[in-house]
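Here is the structure we will look at, set down as structure tokens.
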Amino acid sequence: MKAEDFVKVLGADFYTGVPDSQLKALCNYLMNTYGIDKKHHIIAANEGNCTAIAAGYHLATGKVPVVYMQNSGEGNIINPVASLLNEKVYAIPVIFVVGWRGEPGVHDEPQHIYQGEVTVKLLEDMDIKTFVLSKDTEVSEIETVMKDFNEVLKNGKDVAFVVRKGALTYDEKVSYENENKLIREEILRHIVAVTGTDPIVSTTGKASRELFEIREANKEPHGYDFLTVGSMGHSSSIALGVAVNRPNKKVWCVDGDGAVLMHMGAMALLGANNPDNMVHIVINNGAHETVGGMPTVASKIDLTGVAKACGYKWAVCVNTYEDLDKELVAAKERNELSFIEVKCGIGAREDLGRPTTSALDNKINFMDFLNK
């Protein structure tokens, strides 16, 4: 089904969400149609955030908003759905559009398998009436479903479309780019060259995939790295947990701007706990690149200023490899919590692979390395 036909049937004029590769057609349509327009389309920091934005939209207009997201974000919406939207509280109607990663019977990455198994059940447990959108779903069928859904929405309840892989299409192209010159994979090579045998906790997405391939090319052990293949926004908290319990090791966190924004409160906690053996690196390309390249707000905010305000003892932003190397070496020698923001371009190799070891093996190897 064409994304524009799907949107027409929904009949909404406000969308907010967190981009998902499964919903790339919808996201590209919204970007081509609205761009980032606070009246019609807002890309949120996390799924709970966009659910609350949608609630505010309904309070102000009386209209029904649409929230789009990957199914991994269902955990983030449970609280606002149960304590804000629910008919026993404020009875705020919302249409959720959920990309179904890890659908049973469809091959996917390990972080999506269990989430895929419980996707529909979680929605139903939250009393959200659900319809699964497939490649062969006709527009007329969606029109019939929406007639039923509209009756549900009138009663202050929520509904959801769970979107299978390839169910939505969009023919127009959207180009996402910025003016930054540095390349993320090369940034990671510079980081690896300085960190040596120090442990690294890396964020979900292409950064962890590239780090894995760099270790392969260098013939280095993968036990140095904990690849956070899921749990977007939590890598720095994992690194904090490692750093405070292994004070004799320099612990590095390689983060992304979208991940940092998703749970920015982690930076305040890091600053307050002040682990002097930790370095927090944020590779900032201002985009949700792994799921298609849609923009984040990170290109418009001062992340180093945020870090300083949160209590990081050292915070700096770099946009050249020379300055990056200088700051990496200084951070390795410094016994203070350090923050390095690296301005980065958008893009990755088309032949970029995925880790060939299991998530469980990664955990075991990383723990063995930490305990040696």
Side-chain angles (χ1 to χ4, degrees), residues 20-22 46-47 70-76 78 99-122 165 184-185 188 191-192 195-246 248-256 258-260 262-263 266 275 278 280-281 283 290-291 348 351-372:
D20 171 39
S21 57
Q22 208 90 311
N46 65 54
E47 296 80 6
Q70 186 181 110
N71 55 345
S72 61
E74 285 184 347
N76 285 336
I78 288 175
W100 197 354
R101 295 298 302 269
E103 178 187 355
V106 179
H107 175 73
D108 213 323
E109 301 306 307
Q111 67 269 29
H112 298 298
I113 294 173
Y114 181 68
Q115 184 71 57
E117 292 173 357
V118 300
T119 291
V120 175
K121 184 178 185 300
L122 279 176
K165 185 176 182 179
R184 185 182 50 252
E185 190 166 5
L188 288 165
I191 292 170
V192 166
T195 57
T197 60
D198 294 340
I200 296 176
V201 177
S202 61
T203 189
T204 188
K206 290 182 179 178
S208 281
R209 292 163 61 183
E210 289 166 342
L211 179 57
F212 184 90
E213 293 207 349
I214 288 168
R215 295 296 191 194
E216 286 279 286
N218 291 351
K219 295 182 170 52
E220 294 174 331
H222 292 293
Y224 296 158
D225 311 317
F226 184 80
L227 309 177
T228 316
V229 294
S231 298
M232 184 171 171
H234 293 302
S235 293
S236 63
S237 297
I238 296 169
L240 171 62
V242 173
V244 298
N245 289 286
R246 286 291 179 268
N248 60 323
K249 292 184 180 292
K250 177 72 76 171
V251 179
W252 303 73
C253 175
V254 176
D255 223 337
V260 163
M262 184 163 279
H263 295 294
M278 182 172 158
H280 189 186
I281 302 170
I283 301 176
T290 298
V291 293
D351 63 346
L352 178 62
R354 295 181 182 274
T356 54
T357 56
S358 71
L360 183 57
D361 284 340
N362 179 209
K363 182 199 80 167
I364 292 169
N365 292 335
F366 186 72
M367 290 179 70
D368 286 346
F369 163 67
L370 288 180
N371 288 305
K372 283 182 180 176

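Numbering of residues begins at 1 and proceeds along the displayed sequence.
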Return yes if some donor-acceptor pair links the side-chain N/O of [X] with the main-chain N/O of [Y] below 3.5 Å, else return no.
X: W100; Y: G116; answer: yes
X: S208; Y: T203; answer: yes
X: E213; Y: G353; answer: yes
X: N46; Y: M262; answer: yes

First locate atom [atom1] of [X], then atom [atom2] of [Y], and finally report the distance between them rounded to the nearest 0.5 Å.
X: C253; Y: M278; atom1: SG; atom2: CE; answer: 5.0 Å
X: I283; Y: S202; atom1: CD1; atom2: OG; answer: 9.5 Å
X: R246; Y: F369; atom1: CZ; atom2: CZ; answer: 11.0 Å
X: T228; Y: I238; atom1: OG1; atom2: CD1; answer: 4.0 Å
X: N76; Y: Q70; atom1: CG; atom2: CD; answer: 11.0 Å
X: R209; Y: R184; atom1: CZ; atom2: CZ; answer: 9.0 Å

Where do [X] and [Y] come nearest, in terms of heavy atoms and distance?
X: T290; Y: K206; answer: OG1-N, 3.1 Å
X: A207; Y: L188; answer: O-CD1, 3.5 Å
X: Q115; Y: N71; answer: NE2-O, 3.0 Å
X: G99; Y: Q22; answer: CA-CB, 3.9 Å
X: F366; Y: P199; answer: CE1-CB, 3.9 Å
X: A348; Y: E210; answer: CB-OE2, 3.8 Å

(message) Using the rule given for side chain to side chain contact (heavy atoms under 4.5 Å, CB included), can you reason through L211 versus R215, listing the C-alpha separation, both sets of side-chain angles and the distance that settles it, and then say yes or no?
(response) CA-CA 6 Å; L211 179 57; R215 295 296 191 194; 4.3 Å; yes
(message) Is any side-chain heavy atom of P275 closer than 4.5 Å to one of L240?
(response) yes
(message) Contact between E103 and D108 at the side-chain level, heavy atoms closer than 4.5 Å - yes or no?
(response) no
(message) What I want to find out is whether D198 reaches K250 closely enough, with some N-O distance under 4.0 Å, to be called a salt bridge.
(response) no
(request) Give the ring-plane orientation class for H234 versus H263, where under 30° counts as parallel, over 60° as perpendicular and anything between as tilted. (result) parallel
(request) Evaluate the criterion side chain to side chain contact (heavy atoms under 4.5 Å, CB included) for residue pair R101 and D20; output intermediate values, then yes/no. (result) CA-CA 9 Å; R101 295 298 302 269; D20 171 39; 4.2 Å; yes
